[in-house]
Visitor: 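Below you will find the structure I want to go over with you.
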There are 2 protein chains.
Amino acid sequence: MKVSKFGGTSVASAQQIKKVAAIVKAEPSRKIVVVSAPGKRFAGDVKVTDLLINLSAAALRDESTDEALAKVVERYAQITDELGLDHKVTHIIETDLLNRLQSDKSSPPLFADLIKASGEDNSAKLIAAYLTSIGMPAEYVNPFDAGLFVNDLPERAQALPEAYERLADLKNKKTISVFPGFFGYTKSGTLRTFERGGSDITGSIIAAAVKAELYENFTDVDCVFAANPQVVENPAAIEQMTYREMRELSYAGFAVLHDEALMPVFKAAVPLCIRNTNNPSAPGTMIVAERDHSLRPVTGISADSGFSTLYVSKYLMNREIGFGRKLLQILEDEAISYEHIPSGIDNLSVILRSHQLSSDKEQRIIDRVKSELNADDVHIRSDFSMVVLVGEGMNNQKGLTARAANAFARTGVNIEMINQGSSEVSLVFGILKEDEQKILNELYKEFFEPALVH
Amino acid sequence: MKVSKFGGTSVASAQQIKKVAAIVKAEPSRKIVVVSAPGKRFAGDVKVTDLLINLSAAALRDESTDEALAKVVERYAQITDELGLDHKVTHIIETDLLNRLQSDKSSPPLFADLIKASGEDNSAKLIAAYLTSIGMPAEYVNPFDAGLFVNDLPERAQALPEAYERLADLKNKKTISVFPGFFGYTKSGTLRTFERGGSDITGSIIAAAVKAELYENFTDVDCVFAANPQVVENPAAIEQMTYREMRELSYAGFAVLHDEALMPVFKAAVPLCIRNTNNPSAPGTMIVAERDHSLRPVTGISADSGFSTLYVSKYLMNREIGFGRKLLQILEDEAISYEHIPSGIDNLSVILRSHQLSSDKEQRIIDRVKSELNADDVHIRSDFSMVVLVGEGMNNQKGLTARAANAFARTGVNIEMINQGSSEVSLVFGILKEDEQKILNELYKEFFEPALVH
C-alpha cells in the first residue's frame, strides 16, 4: 500500500485533479490519498489558503465576510463545474464555510486554524466525490473520526503517539481514502493546523501509521536536484538520497518538503519519493535509510543567503565559564535562534538568520553584551550566505575537504567560516552573499561534472 | 627603560643569578628587574614554590613545619653562600618565614598565598643584596609600598587600575629596582598571589605602568619556535609575532608565557621579548602590535591533546530557541568550560578539555541532556587533539585553507573538526590524538620548509 500526497499545484484546478485521478488509477496500491488545498494555477494566482486567511481576518475584525467568502466558494465552484460534478458539492462547501464562520472566536488562532483548514478539508471532499464519479470508489476521511489527534496549545501542533495507532486502521478500508492534509484535532475535538506546508506532515504520519511500502509526495518538480537549477545550469537529478542527507540539505533552501515531514516516515522506515504530478513517468527522487555512496560522496550542494554574524571578543574568554551560555541567553531573550558558533581563543561569532534582527534588537544585543559580559569588542555584520555540501560518503572520504577548499582557492572566493565536525554528512562554508553564484558553480563542477558522463 | 623579568630557572642558583647580574649590567636601561622564586636547577630538582606549598600545607594541618622550613632555608642559604653574601641575608629570610608561619590561618587560601609568595619576595631581597654587593646599587621593592594593589576575594587576583598609576613612580628611581613577581596586596594590606606562573603578569603590569620601551621575559629557551621541537625536527625560530598571534598560539601548548601576561603590555603598546638567560646573545622572539606578514602568512603551528567531544543530536534542534543555552547551562552546572561548538542542522558537538570530566560527571551530563533536552542521541568521545594554524596573514591569503586541507589529504589524516570564522588569525583542526605527530610534520612542511632556504 502506498500513501500518495498531492500538493497545492497538483489540486489547483479541474485539469490538475484529473491528473491526480489518473495517477491514483495507474496503481491500485495507491489506496490513501492526502490532499492540499487548491494552490496557484498560474504565476500571480492566489492560493485558496491565502483566500481563507483573508476570510478569517475579516471575520475576526467583525467586518463583512461576503466578498472574501465568495472568492473561496468561486474557486471550488469552478473546479466542481469543470469536473462535471453535481452543484450540490459546491453547496456543501459553502454551507461548511458558513458554519465555520459562526464558530467561537474567543481564541483568534484557533478560529483562524478552523477557517484555514477548510481549504484541505473541502478539497478532500471534492476529490473523493470526483474519484467516485469516475468509477473509483473513494471516501472522504474526517481526521477526527480517523484519530489524527494532536496536542493542545500552546505547543506547536504535533501528532500524539496514539494517533498512529488509530490511523493504522485506514489500511483496512476497501475504498480509496481521501484524507485532508494540514490539520488534526485535539482529543477534546478542537481543530489545530500544522505549520504552513503541513500537508506533507499529514501524509508522513499516515504513511508511518499504516506502514506503507512507500510515501509518495507529488509536487510540481521532477525530482530534487543536486544544486539549485536557478544558479547551476542543468544540475544532476538526485535519484536517491538518505533521510539524513535530505535533512541536511533542507538547511539551506531545498524547500521540497516540510521540515517536520521527514521524521514520521524515517522512524517507521517508510521510503519517501518526491514525484511530479505533471510528469508522472519521471522516476522522482527516492529518500531511503541507506544508499551506496561509493560512487558519489557528495549528494547535493545547497546555499542560502540572509545570514548575519554577531562577533564578540574578550580577552581570556575561553577561561570564563558561562560566557557562551550568557551570550546565548541574551539572544534567547530577543527570541533569536542561531545556526553556528565558530570560535577562536578570545572570540566567538554567532551566525544567525538576519530576518530575526532589527536595528532596535541589534542595539539592545550589542549594549547588553558590552555591559553584562564586559566584552572588548562586539559587532554585527550581515549579507552572509551559507553553502552546504551534503553526502553520506563525506565522512569516509579523506581529502574531500581539500577538494572543496581547492574549489574556493580556484575561484578566489574567501572562506569566511567553516563548520565541520558535528554532522558526519555535511560541511558548511560561510561566504559573502556576492560570492554565492561563483562558488556554487565551482563546487558543482568539482563534485558532479566528472560524473555526468552517464 | 626596560623591564626585565627573570623566571625560576634564571634565579635557581648562584651561578644563574650571576648570569642575571651580567645581563642587567650589560644594558643600563635595565632599571627594573622582576624575579621569580628559585626554580629547578636540574631535572628532578624541586622548585622553591613547591617546597613552600608543602610548608604551608604542613602548617595548615598543624603539623611540625621544621623539616619543610629547613628545606626552604637551605636553598636560600646555599645561594647566599655561593654568591658570597653575608649570612645575615639568610637570617633575614628565615625570620621572615617564621613570621609568616605565625600569621592568621582563618583563611587557608590566603595563608597559603602568604607562604608561597615568600619565594619571590625573598628571591628579590637576595638578588637586590647581590647586585648591590657587586657594585650595582639595587633596591628591593615591596609591592605594597609600590602600590601593586589587587582586588579582593573571591575573584581571581587582578591588578586594580590605580596600581598602574602608583607603579608608574618606579621609573623615577635612581637605583635598580628588584621587584618580586607573583603577588600583590589588597588595599587593606592582604597579600594575594596571581595564578601560578604569575611573575610574568607582575612584569607585564610594571612594564605597562612605567611605559617601558621593552618588556623582556627571560626564560630558558632561545625563542618561541614555529612548532613544537619535540615533534618537528629543528623548527624555525619565530623572530617576530603579534600579540594576537601569541595569544592564539597559547591555545594549544605554547606555554612560554602566562595567559594573563599579554594584556597589560598589549594595552600599553609595550613590545615584549622572550629571551634566554643562558644565551643572552640570542635575539629571542619579539612580540609586537604589527608585523609584515607578506612573506610568511603562518607564524606558528601548535597542537594540544586531551580534548573530548560531547555530541548531541535532536530532530529540528535548530528551530528550538534556547537549546544551545540549556546545554551550556548543564555544562556550567558541572563547572566545565568548553573550547568549540561545531554544529550541523540537527546536531552539535561541544569540544572541551577532558581533564574536566569524570565518569560520574559524564553520566550526569548524558542523563540530563537526554531527560531535560529530550535529545535523540548523546555521547562523549575522548582522545582528540586540536591543531591550530596561526598567522596574521591568514585572513588575506586565499587558498590557505586549501593548502592546509591538502596536507591532511596527503597524510590521510581525517579532519574530525574544522573551526574557522571567528578569529582572523587562526584555523583550528580537530583530529584523533594518534594522528597528531603525522599532521604536525606535514603542516610544518607545507607552511615552513620552502622558506627555510635563508
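Protein chains get the first letters and strands the later ones, always in sequence-line order, with residue 1 at the start of each.
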Visitor: Which one, B/Ser313, B/Ala402, B/Gly344, leads in non-hydrogen pairs under 4.5 Å with chain A?
Guide: B/Ala402

Visitor: Does anything in residues 325-333 of chain B reach chain A? List residues with heavy atoms under 4.5 Å apart, or say none.
Guide: B/Arg325, B/Leu328, B/Gln329, B/Glu332

Visitor: Under 4.5 Å from any heavy atom of chain A, what part of B/Phe408 do you find: side chain, backbone, both or neither?
Guide: neither

Visitor: What option among B/Ile336, B/Ile341, B/Ile321 has the most heavy-atom pairs under 4.5 Å with chain A?
Guide: B/Ile321

Visitor: If you tally heavy-atom pairs under 4.5 Å against chain A, which of B/Ser337, B/Ala407, B/Ala404 wins?
Guide: B/Ser337

Visitor: State whether B/Asp346 and A/Arg244 are salt-bridged, where the test is any N-O pair (Lys NZ or Arg NE/NH1/NH2 against Asp/Glu carboxylate O) under 4.0 Å.
Guide: no

Visitor: Check side-chain contact (heavy atoms from CB on, under 4.5 Å) between A/Ser343 and all other residues, then give those that pass, not counting sequence neighbours.
Guide: A/Leu348, B/His340, B/Asn419

Visitor: For residues 375-389 of chain B, tabulate all N or O donor-acceptor pairs below 3.5 Å that involve a side-chain atom, not counting sequence neighbours.
Guide:
from, atom 1, to, atom 2, distance (Å)
B/Asp376, OD2, B/Tyr315, N, 2.8
B/Ser385, OG, B/Glu436, OE1, 2.6

Visitor: Side chain to side chain donor-acceptor pair (under 3.5 Å), that's the test. Do B/Glu392 and B/Thr299 meet it? Break it down for me.
Guide: CA-CA 8 Å; B/Glu392 287 281 344; B/Thr299 289; over 6 Å; no

Visitor: When only pairs under 4.5 Å are counted, which of B/Val312, B/Leu316, B/Ile415, B/Val413 shares the most heavy-atom pairs with chain A?
Guide: B/Leu316

Visitor: For the candidates B/Glu320, B/Glu416, B/Met263, which exhibits the highest count of non-hydrogen atom pairs separated by less than 4.5 Å from chain A?
Guide: B/Met263

Visitor: Under the criterion side chain to side chain donor-acceptor pair (under 3.5 Å), I'd like the reasoning laid out for B/Glu442 against B/Thr411: C-alpha separation, chi angles, the key distance, then a yes or no.
Guide: CA-CA 7 Å; B/Glu442 192 67 26; B/Thr411 54; over 6 Å; no

Visitor: For A/Glu260, is it the side chain, the backbone, both or neither that has a heavy atom under 4.5 Å from a heavy atom of chain B?
Guide: both

Visitor: Ignoring hydrogens and angles, write down the donor-acceptor pairs under 3.5 Å from the side chains of residues 425-432 of chain A, residues two or more places apart or on other chains.
Guide:
from, atom 1, to, atom 2, distance (Å)
A/Ser426, OG, A/Glu248, OE1, 3.0
A/Ser426, OG, A/Ser423, OG, 3.4

Visitor: Does any part of the side chain of A/Pro342, heavy atoms only, come nearer than 4.5 Å to the side chain of A/Ile351, both counted from C-beta?
Guide: yes

Visitor: For B/Asn414 and B/Asp435, test the side chains for any donor-to-acceptor distance below 3.5 angstrom and give the result as yes or no.
Guide: no

Visitor: Side chains of B/Val350 and B/Thr309, heavy atoms from C-beta outward: is any pair under 4.5 Å?
Guide: no

